[in-house]
Every structure is written in structure tokens, then in C-alpha cells.
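Numbers restart at 1 for each chain; the letters A, B, ... are given by sequence-line order, proteins then strands. Only heavy atoms go into these numbers, but all of them, side chains included; no hydrogens, no water, no symmetry mates.
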Protein chains: 2
Amino acid sequence: MKASPLTVASIVEAAADLADATGFDSVTLSAVARRLGVRSPSLYSHVKDRDALLEGVTILALTELASRVSVAVAGRAERSALEALADAHRDYARESPGRWEALQRPAGEEAARSAGARDVVALTAAVLRGYPLPESEHVHAVRFIGSTINGYLRIERNGGFAHSRPSAAVSWHRIIDALDAALRAWPAPSEGERP
Amino acid sequence: MKASPLTVASIVEAAADLADATGFDSVTLSAVARRLGVRSPSLYSHVKDRDALLEGVTILALTELASRVSVAVAGRAERSALEALADAHRDYARESPGRWEALQRPAGEEAARSAGARDVVALTAAVLRGYPLPESEHVHAVRFIGSTINGYLRIERNGGFAHSRPSAAVSWHRIIDALDAALRAWPAPSEGERP
DNA sequence: GGGAAAGCCTAATGCTATTAGGTATATGGT
DNA sequence: ACCATATACCTAATAGCATTAGGCTTTCCC
């Protein structure tokens with residue numbers, strides 16, 4: 001009586017759910033196998049090793065995140081789009097903390113080249129359309145936005161804002177404001193800063 | 001013949017060195033014990049458990065980072081100070097990757113309250129002195145700067161910039177420029193964003 | 001039906017954290 | 001000086017993990 005046929009996708013999904021439920025670090029092959037009602041060596045027919053499984057979760061998370069961001073920024077521009085982008089990240093981190101954690105680990109080749117990764121970058125770049133930045137500056141601005149959003153969520157999640165006032169929620173809006181201001185006042189590259 | 005007397009400090013330092021040499025994840029009690037020429041259960045007389053050891057490394061890293069930042073920003077103001085702050089973080093991440101990794105994990109009570117943590121925040125706030133921000137906005141700006149620097153270094157370290165041009169090094173300067181611009185053009189808080 | 005391949009299993013190895021309890025060495029009181 | 005004690009290390013043992021090797025059972029193709 002096989003409830004489910006045990007595929008790569010079902011294993012990765014179980015791992016992702018487990019990560020959300022009990023933390024990314026608790027995603028062990030044993031635990032995933034238990035959750036699937038199977039013995040852990042059985043997973044090796046479908047997944048190379050633990051690292052490959054975690055990379056699978058990363059790719060899944062990238063896909064899901066790209067999808068959410070895509071919906072969020074559709075039909076918006078400038079500050080509204082920026083805020084939607086940031087909030088999509090934050091919502092995802094809140095609702096799927098384990099999956100989001102998977103985005104924070106060194107990206108393997110496959111994850112780096114995945115459609116999700118490409119889409120997240122492309123969607124971030126799309127937000128820049130409304131801002132007065134030369135095309136050549138888009139790479140840097142994308143990295144800037146990505147760094148800030150990611151860094152903020154990580155510090156918030158790590159409890160770095162928990163011990164000071166005001167609450168992290170207030171800063172979040174101020175930081176989107178600041179990002180918006182930075183994009184509007186984007187500095188011209190000085191000598192030697194041009195690619 | 002005891003080469004070293006095995007104290008909490010020596011254990012934490014060995015763990016930190018090991019993290020720098022072979023990666024933060026490879027810091028196991030066994031490996032640290034091996035490095036100290038001792039059996040792993042012996043460590044339990046000095047350290048509660050693995051988690052406490054890792055927290056010790058975090059606190060050590062915070063202390064070291066605060067010290068470097070302190071030296072770097074001394075005698076500087078505005079953009080120069082901001083750049084020195086950012087570069088101090090980046091240099092530390094480069095030179096002591098394992099210790100820096102320790103900063104990226106959920107902060108326990110002790111780490112959160114440590115002098116190093118307080119100092120890093122205070123030094124970041126000090127950089128704001130040259131900028132035209134009201135005192136009430138400093139918290140947000142500190143979080144903004146911290147998020148961006150941390151997020152950038154993390155993505156760079158995870159290889160997130162490795163697959164696109166131009167190199168991460170170029171963006172680094174553009175991002176410090178952008179931070180500087182954001183602080184100069186710091187937006188006034190709208191309704192409901194005041195603490 | 002025969003055979004091969006899938007897809008799961010058990011068994012085994014070696015690593016890890018952690019606890020329990022032993023032993024020797026230094027220390028402190030008298 | 002001597003004994004008691006505490007310190008600081010040790011060995012032994014348990015249990016969980018990743019991973020490999022090899023076996024059994026079902027399914028499906030010819």
C-alpha cells in the first residue's frame with residue numbers, strides 16, 4: 001500500500017515542509033524519510049546525497065519566491081513596485097521560514113543557473129524601470145536592493161533587532177523609503193567605478 | 001606535560017581558527033578537541049555544549065569586528081567613515097571567513113547583549129554624525145546600513161554575484177555610493193512611520 | 001510465463017554529540 | 001607531612017546521523 005510513489009519532487013517538497021515546520025537545520029535524510037514513511041537509504045535512489053536534497057529545496061524556494069514576486073510587482077511601478085517586491089520577500093520569509101533559509105546557503109551550480117534565480121534577478125531589475133538610472137547601473141542597483149532586503153530579513157530573523165526599540169516593523173518601512181530615495185538620488189559613477 | 005591548560009578562551013579560539021581554516025560547519029567538538037590534543041568529552045568541563053561553543057565564537061567575532069571597525073572609522077566622517085566601516089566588515093569577512101560566518105547565525109541572549117554587539121551598533125551610529133539625519137531616524141539608518149553591508153557580503157560569499165558581470169568588487173563601491181546618497185537624501189518619515 | 005528492472009528493504013560502517021563514571025594530580029587544611 | 005578534596009583530564013557507552021552494499025518483491029515488457 002504505497003500512499004505516494006516517492007519521486008524527487010515529493011522528497012524535496014517533504015524536505016521543504018519539514019524545514020518550514022522545524023527549521024532548516026533539522027532537515028536530515030532520516031527525518032525526511034520518516035515523514036514519508038520510508039527508510040532513509042531508500043531516498044538515495046532519487047537523490048544523490050543530503051547536499052543535493054538541500055539544493056533541491058533551494059531551487060524550489062527560488063521558484064516559489066520568483067512566482068510571488070512576479071504577482072506582487074505586476075502592474076506596479078517605482079515605489080509601489082519596490083515596496084511590493086520587498087514585501088513579497090518578507091512575506092515569503094515569514095510564511096516559509098525554512099524554504100527562505102534554503103536561499104541563504106551557498107548556491108550550487110544548479111541553483112545559480114535555475115529559472116527561479118534568473119527570474120528573481122530579472123524582476124528586481126524590472127522594478128528599476130521607473131527610476132532614472134542608466135542601464136549600465138542596473139546591475140549595481142539590483143545587487144543593492146537584493147543585499148538590503150536580504151540582509152534586513154536575515155538580521156530580523158536572527159533576532160538582531162529584537163533587543164532594541166522601535167520594533168523591526170517600523171524600520172522596514174523606513175528602509176524601503178531609504179531604498180526608494182537611494183534609487184532616485186542614484187549617484188553618478190566616479191572614475192574607475194565604471195565597468 | 002600539558003602544552004596548554006585548556007580554558008574556555010583557548011577552546012573558543014581553537015574553534016574560531018578551525019572555522020576560518022575549514023569552514024564554520026566543520027566546527028565540531030571532535031575536531032576542536034583533536035586540534036587541542038584532547039578527547040572531546042573533556043571539553044564539556046569548560047563548555048556547556050556545541051551550541052554554547054558556537055555562541056562563544058560569535059561573541060569573539062563580534063569583539064574582533066568591533067575592534068577593527070573602531071580603528072577604521074576613527075578620525076573619519078561622512079562618506080569616508082561609511083566606506084571605512086563597510087570595508088572593515090568586508091576585510092573581516094575575507095580574512096576570517098569562519099568567524100564572520102559565526103556572525104550570521106541566530107544570536108543567543110549572551111551574544112545579543114555582548115559588548116561587541118553593542119559596540120558595532122554604536123560605531124555604525126557614530127558614522128551617521130556627519131549626515132543630516134534627525135536623532136530619531138538613527139535607529140533605522142543603522143539597521144539600513146547594517147542590512148546592506150551584511151546582505152551584500154553574504155550574497156557575495158554565497159557566490160550570488162559570481163555568475164554575472166561586472167565583478168562584485170565594482171558593485172561594492174557603487175553600493176557604498178548608494179548608501180551615502182541614501183543617507184544624504186534620507187526621506188522624512190510619513191504619517192504612521194514615526195515610532 | 002520468464003526475465004529484467006524498479007523500488008523498496010535490512011545490515012553495516014564510521015562519524016557525531018553527549019552522559020556517566022574513573023583516575024591522577026594539584027591544593028588546602030591541620 | 002599527610003589526608004581529603006576538588007580539578008581536569010580520561011575511557012566507556014549510548015544514540016542519531018549519512019552513506020554504502022547487497023537482498024527481496026513487485027511490476028511490466030516480450
From the list [options], which nucleotide is the closest neighbour of the side chain of [X]?
X     : options                : answer
A:L6  : D:dC9, C:dT16, C:dC8   : C:dC8
A:S40 : C:dC9, D:dC9, D:dT19   : D:dT19
A:L29 : D:dT19, D:dC10, C:dT19 : D:dT19
A:S30 : D:dT11, D:dA18, D:dC9  : D:dA18
B:S42 : D:dC10, C:dT18, C:dT10 : D:dC10

So does [X] pair up with [Y], basic N to acidic O under 4.0 Å?
X      : Y      : answer
A:R68  : A:D91  : no
A:R143 : B:E156 : no
A:R105 : A:E55  : yes
A:R174 : A:D177 : yes

Separation of atom [atom1] in [X] from atom [atom2] in [N], rounded to whole Å:
X     : N      : atom1 : atom2 : value
A:I11 : D:dA18 : CD1   : C1'   : 15 Å
A:L43 : D:dC17 : CG    : C1'   : 13 Å
A:Y44 : D:dT19 : OH    : C1'   : 4 Å
A:R39 : D:dC17 : CZ    : P     : 13 Å
A:D49 : D:dA18 : CG    : C1'   : 9 Å
B:K48 : C:dA17 : NZ    : C1'   : 12 Å

[N] OP1/OP2 closer than 4.0 Å to side-chain N/O of [X]:
X     : N      : result
A:H46 : C:dC8  : yes
B:R34 : C:dT16 : yes
B:R50 : C:dT16 : no

Compare every heavy atom of B:L133 with every heavy atom of B:L183, then report the nearest pair and how far apart it is.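 Closest approach of B:L183 to B:L133, heavy atoms only: O-CD1, 3.2 Å.
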